[in-house]
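The sequence lines fix the lettering, A, B, ..., with proteins before strands; numbering per chain opens at 1.
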Amino acid sequence: MTKSTRLIITAAAIAGLYAGALTTSAYAQEAGAPAQSESKEKASCKGKEGCKAKESCKGKEGCKAKESCKGKEGCKAKESCKGKEGCKAKESCKAKEEAKK
Amino acid sequence: MLQAVIRPLGPGYRSRRRWPDGRPATVVIDTFAAPNPRLSGFERIEIYNRMYWFRTLDSLHEDLPGLRAVLGERRFMRLIEAYLVRHPSRSFTLRDLPARLEAFIRRTSRLTAPHTALAADMAAFEWAQVECFDAAALPPLTPADVTGVPGSRLRLSLQPHVRLLALRYPVDEFALAVKDAALRGDASNAVVASRRRLSRRVRRPRAAPTWLAVHRHEGKIYYKRLDAPAHRILTALRSGRTLTQAVATAGRGVQPDQVRAWFTTWMHLGWFCRR
């Protein structure tokens, strides 16, 4: 490569640096092929429609609200948690209701 | 104790009955592991010995789906068992486990022949993804950083997460095909055995020089094909050459428009960072 060609190519590279800096974000196609395919990401629990967001026990109809151990019909009243058939041992509210959902 | 836990397993994935020096392992292990009412000292340590090996084997199994597809399950397991005997984990994290696999494959070609070159390329490619995943992303270069600096003195740094590869096989396409096949298997509720068949059904690629950049963009890993001169320029920049020296490595056939387009894209993708 001659000196003048090298200078022209260097100038082109610098022009490219400026041109690239002027645009705020890259197009996805410029990035190449994604390592993780779309379908796998969609199936993931993480994100907008993840398990947590959609069917969490927390909230209006969550375990706590509906069949909490604490309260009128809770384990304490009916089947003491401390005994053989307590929440933890047999029918833990959290575990069971989460599994159902 | 550590030696007893990390020593290689014997036939049937059980602890070896002999210590490396030839003594019965029970004799050695009984000196530091007491028996309990149900298990001898040897049997107690065997639980940890097997756990250690299954965890490390499992980690490599998970990190290297492409290499599994190249070799098939049985040869892959033989390879990684031999690899772990030679290079046991020395790090606090299993992330580092495949770091020396490419070199090991090239050194011990009998384990991968006749696909040694392809297997080594795939190991390098999959390791690059591990590195890319958690390598740093430094503040990107701005026009202000280069303004007024002549090309003969301008040195550009590449983001640590950009990994450059010069390969003999197009392993990127092969890896994507393997993943697609595995996903189809998942979608059809296929059992594990069928998934294995699926991943092996993907035809091994023919040799074709391939230049790749594995990089992170908006939190995701991408593989980007590069032209050979572009790969040379980036490699030269990474090694600390000036911009003028780096573009000179591109060779004669390169046109200014091409170079301009490459640099625009790389800047776009934030590949350059401050030194």
Please tabulate, one pair per line, all N/O donor-acceptor pairs under 3.5 Å involving side-chain atoms of residues 7-14 of chain A, not counting sequence neighbours.
residue, atom, partner, partner atom, Å
A/T10, OG1, A/R6, O, 2.7

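Heavy-atom distances place both the backbone and the side chain of B/T147 under 4.5 Å from chain A. Heavy atoms closer than 4.5 Å to chain A are found nowhere in B/T142, neither backbone nor side chain. Contact of B/L176 with chain A is made through the side chain alone, with heavy-atom distances under 4.5 Å.
Contacts from residues 128-138 of chain B to chain A, taken as heavy-atom pairs separated by less than 4.5 Å, involve B/Q129 in sequence order.
Counting heavy atoms of neighbouring residues, nucleotides and ligands inside a 6.0 Å radius, atom CZ of B/R168 does not exceed 12 of them.
Residues meeting the side-chain hydrogen bond (donor to acceptor under 3.5 Å, both in side chains) test with A/T2, sequence neighbours left out: A/S4, A/T5. A search for side-chain contact (heavy atoms from CB on, under 4.5 Å) contacts involving B/E173 returns B/P170, B/R225, not counting sequence neighbours.
Looking only at heavy-atom pairs under 4.5 Å with chain A, the residue among B/P150, B/A213, B/P256, B/G151 that has the most is B/P256.
In this structure a side-chain-to-backbone donor-acceptor pair under 3.5 Å is present from B/H215 to A/A31.
Atoms OG1 and OH, from B/T264 and A/Y18 in turn, are 13.0 Å apart once rounded to the nearest 0.5 Å.
Here the closest heavy-atom approach between residue B/R260 and residue A/A15 is recorded as NE-CB, 3.9 Å.
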